[in-house]
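See structure below.
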There are 2 protein chains.
Amino acid sequence: MINTKLSVAIHILTLIATNPHDPVTSESIAKSVNTNPVVIRRLSGQLKQAGLISSQAGKPGFTLLKAPGQITILTVYQALQTKGDLFLIHPDPNPNCWVGKNIQSVLETTYKRAQDALEQELAQQTLANIIKQLTSH
Amino acid sequence: MINTKLSVAIHILTLIATNPHDPVTSESIAKSVNTNPVVIRRLSGQLKQAGLISSQAGKPGFTLLKAPGQITILTVYQALQTKGDLFLIHPDPNPNCWVGKNIQSVLETTYKRAQDALEQELAQQTLANIIKQLTSH
DNA sequence: CGATATGTAACTAAAATAGTTACATATGAA
DNA sequence: TTCATATGTAACTATTTTAGTTACATATCG
């Protein structure tokens with residue numbers, strides 16, 4: 001299961017993108033997300049490292065570094081990803097068993113296809129897309 | 001992240017499918033998976049409830065109820081699923097904020113597409129497929 | 001210089017994950 | 001009919017993940 005970090009990250013980027021003038025601080029974002037400002041700053045740190053936003057200690061607010069149409073949800077997803085695998089495989093099946101010995105590598109292939117399909121779809125959707133849907137609400 | 005249950009369930013079904021004659025017990029499966037028999041029995045219970053296998057208390061072994069070619073990985077995945085959502089959305093964004101108020105429903109749509117893409121791919125792959133790949137190793 | 005914000009480390013609480021012990025119940029061979 | 005053996009489950013524990021919080025160092029700018 002994919003945790004709420006992606007949702008919060010998209011929430012953060014949306015607020016920054018739709019408020020290019022007044023500074024959107026971790027404090028104000030936290031109020032909108034309804035969480036602690038540190039949670040926001042931890043995520044903004046990852047988004048910053050991925051080159052999606054910029055910020056400076058002491059200076060309030062964040063700046064979007066790419067156009068919303070250029071930021072795909074896959075990019076955001078990958079910015080938060082530590083280990084790339086969506087599916088977990090049981091770690092030590094019995095190597096003396098015919099199935100146990102080979103199941104892991106077969107599952108890897110199976111899972112890779114599924115994950116590719118997921119990521120391909122996430123690559124189709126952009127921040128601009130999200131914002132557009134939000135405005136039509 | 002999707003936990004190891006799906007991997008273990010596929011492992012279970014593979015062992016049952018490839019040993020139609022001698023009884024494959026939770027004990028022997030556990031040895032191949034390298035885990036506790038109770039872990040296997042818990043999963044077999046869910047596979048049983050999904051109509052994929054049958055068993056009787058006291059009688060050793062499990063029986064596959066469908067041809068391996070008719071069992072898709074999606075079916076197995078869904079047999080183990082308690083709540084259907086792959087992505088989690090942060091639960092209570094601020095309803096007084098324009099973004100906070102609508103972000104959840106927009107993310108739902110976004111995530112649904114991604115999950116659909118994943119599931120469509122999982123539906124393409126069957127137990128027969130897995131077994132075939134295993135034998136060619 | 002001081003109010004305010006970002007950047008992080010460290011800690012806590014809650015939930016998910018996986019494994020284990022214990023035991024009730026059904027089967028089938030001796 | 002009895003007993004070894006297997007499935008079916010409940011209950012408990014340990015580990016890891018997830019999310020939130022406190023505390024504080026550091027940078028900005030009026």
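Of the possible polar contacts, none joining the S32(B) side chain to the I29(B) backbone as a donor-acceptor pair under 3.5 Å is found.
In this structure, the side chain to side chain donor-acceptor pair (under 3.5 Å) partners of N129(A), at least two apart in sequence or on a different chain, are Q133(A). In this view, Q115(B) and E119(B) satisfy the side chain to side chain donor-acceptor pair (under 3.5 Å) rule, not counting sequence neighbours. Looking at residues two or more places apart in sequence or on another chain, you find a side chain to side chain donor-acceptor pair (under 3.5 Å) between S7(A) and Y111(B). Qualifying side-chain contact (heavy atoms from CB on, under 4.5 Å) partners for N94(A), counting only residues two or more places apart in sequence or in other chains: N96(A), C97(A).
Taking atom NZ of K48(B) as the reference point, atom C1' of dT7(D) lies 8 Å away to the nearest angstrom. Nucleotide dT27(C) holds its P atom 15 Å from the CZ atom of F62(B), rounded to whole Å. Rounding to whole angstrom units, NE2 of residue H90(A) and C1' of dT16(D) are separated by 19 Å. Look at CD1 on I2(B): it is 18 Å from C1' on dT16(D), rounded to the nearest Å. With rounding to whole Å, I16(A) atom CD1 is found 10 Å from dT6(C) atom P.
Distances shorter than 4.0 Å separate some side-chain N or O of Q56(A) from OP1 or OP2 on dT28(D).
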Enumerate, atom names and distances included, each donor-acceptor pair closer than 3.5 Å involving a side-chain atom of residues 51-66 of chain A, sequence neighbours excluded.
from   : atom 1 : to     : atom 2 : distance (Å)
S55(A) : OG     : K48(A) : NZ     : 3.3

Below 3.5 Å is the cut-off: list the nitrogen or oxygen pairs between protein and nucleotides 19-26 of chain D, distance only.
from    : atom 1 : to     : atom 2 : distance (Å)
dA19(D) : OP1    : T4(A)  : N      : 3.0
dA19(D) : OP1    : T4(A)  : OG1    : 2.4
dG20(D) : OP2    : T35(A) : OG1    : 3.0
dG20(D) : N7     : R42(A) : NH2    : 2.8
dG20(D) : O6     : R42(A) : NH1    : 3.4
dT21(D) : O4     : R42(A) : NH1    : 3.2

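Listed by first then second residue, pairs satisfying ring-ring contact (aromatic ring centres under 6.0 Å, His included) with a partner in residues 112-137 of chain A number zero, not counting sequence neighbours. Among residue pairs with one or both ends in residues 3-56 of chain A, those qualifying as ring-ring contact (aromatic ring centres under 6.0 Å, His included) are H11(A)-H90(B); sequence neighbours excluded.
Sorted by residue number, the members of residues 19-28 of chain A with any non-hydrogen atom under 4.0 Å from DNA chain C read T25(A), S26(A).
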